[in-house]
Amino acid sequence: MRWTPGGRSPNLEDRRGSGMGVPLGVGGGILVLILSLIFGPDVISNGNETESGGEVALSPADSAREEPMVQFVSFVLDDAQTTWASAFARGGSDYRPARMVLFRDGTISGCGPAQGAMGPFYCPLDEKVYLDLDFFNELDRKFGAPGDFAEAYVIAHELGHHVQHLTGVDSRVRQAQRDNPGAANQLSVRLELQADCYAGVWGHSAADRGKLEPGDIEEGLGAASAVGDDRIQRRTTGSVNVDSFTHGTAAQRVQWFRRGFESGSAQACDTFGGQP
Ligand SMILES: [Zn+2]
């Protein structure tokens with residue numbers, strides 16, 4: 001992608017230095033202070049040890065190494081949200097930006113504990129995207145999908161879920177899943193494919209504005225294909241069970257990303273055939 005490294009997004013929340021993301025907080029600090037008043041200053045150093053044990057600080061080397069990635073994530077986050085804000089404005093509605101939480105290993109999300117191993121996700125309850133930057137190494141090495149646009153696709157996909165939250169599609173799908181549990185997987189696949197299509201819609205806008213370089217689209221399609229359920233299942237279980245698909249096959253994910261990319265229109269992303 002063509003982008004200029006700049007600052008950080010105002011919607012970025014960096015929790016990489018805070019371990020499980022459960023800060024000691026004022027209560028904890030006061031507790032340590034009280035204990036130290038009772039037991040003497042030794043407790044303070046113990047308290048600090050506990051703190052550094054529970055909260056793995058980001059080393060300056062890690063911090064410097066990851067800073068370009070943090071700025072790239074910021075660029076994609078802001079660029080995609082600006083694109084959606086204009087699309088919403090054209091449709092006569094307001095866009096409320098999502099926030100993105102960067103964490104390392106684990107943190108607490110509005111939807112419960114988050115672990116890096118779960119992969120990036122969007123939590124509609126706090127309207128935040130959760131991302132462990134390590135996932136991008138995995139995308140490259142384990143999924144065989146390298147490149148900055150592969151990373152951008154992942155972020156844009158998660159923001160696609162935020163768009164679904166703002167339009168109410170996600171709550172209508174949850175309701176439909178409760179009404180018809182037998183169709184729950186199929187509905188989940190459609191929701192995921194729509195998020196892929198929305199990622200493509202942003203890609204179209206980025207291309208229009210000259211932000212794409214040769215090879216970017218292939219990187220995005222490669223990532224969409226690599227994280228298809230069939231590919232992931234084959235890698236992990238050696239077989240493919242279509243009924244348990246929740247994200248769509250590699251071919252479907254590529255197809256819907258491409259549809260969004262070529263049309264540049266959210267209306268083209270009707271994976272539900274008019275429902276829900
Ligand atoms: Zn998704």
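We use all heavy atoms of the structure for the numbers below, so side chains are in, but hydrogens, waters and symmetry mates are not. Both ligands and their constituent atoms are indexed starting at 1 by order of listing.
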Could you pull out all donor-acceptor pairs under 3.5 Å where a side-chain atom in residues 116-131 meets a protein atom, sequence neighbours excluded?
unit_1	atom_1	unit_2	atom_2	d
Y122	OH	H162	ND1	2.7
D126	OD1	K128	N	3.2
D126	OD2	G110	N	2.8
D126	OD2	Y130	OH	2.5
E127	OE1	R96	NE	2.9
E127	OE2	R96	NE	3.4
E127	OE2	R96	NH2	2.6
E127	OE2	H165	NE2	2.9
K128	NZ	E13	OE1	3.0

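- Taken to the nearest 0.5 Å, the CG atom of D105 stands 7.5 Å off from the CG atom of D134.
- Salt-bridge check for D132 with R16: failed, with every basic side-chain N at 4.0 Å or more from each acidic carboxylate O.
- Each protein N, O or S atom less than 2.8 Å from the Zn ion (ligand 1) was counted, giving 3.
- The hydrophobic cluster containing V163 also includes W84, F88, Y95, L166, Y198, V201, under a criterion of side-chain heavy atoms closer than 4.5 Å among ILVMFWY residues, counted directly or through chains of members.
- Applying the salt bridge (charged side-chain N to carboxylate O under 4.0 Å, His left out) test to every pair with at least one member in residues 245-267, sequence neighbours left out, gives these pairs: D196-R253.
- Other residues, nucleotides and ligands contribute at most 12 non-hydrogen atoms within 6.0 Å of the CG atom of D94.
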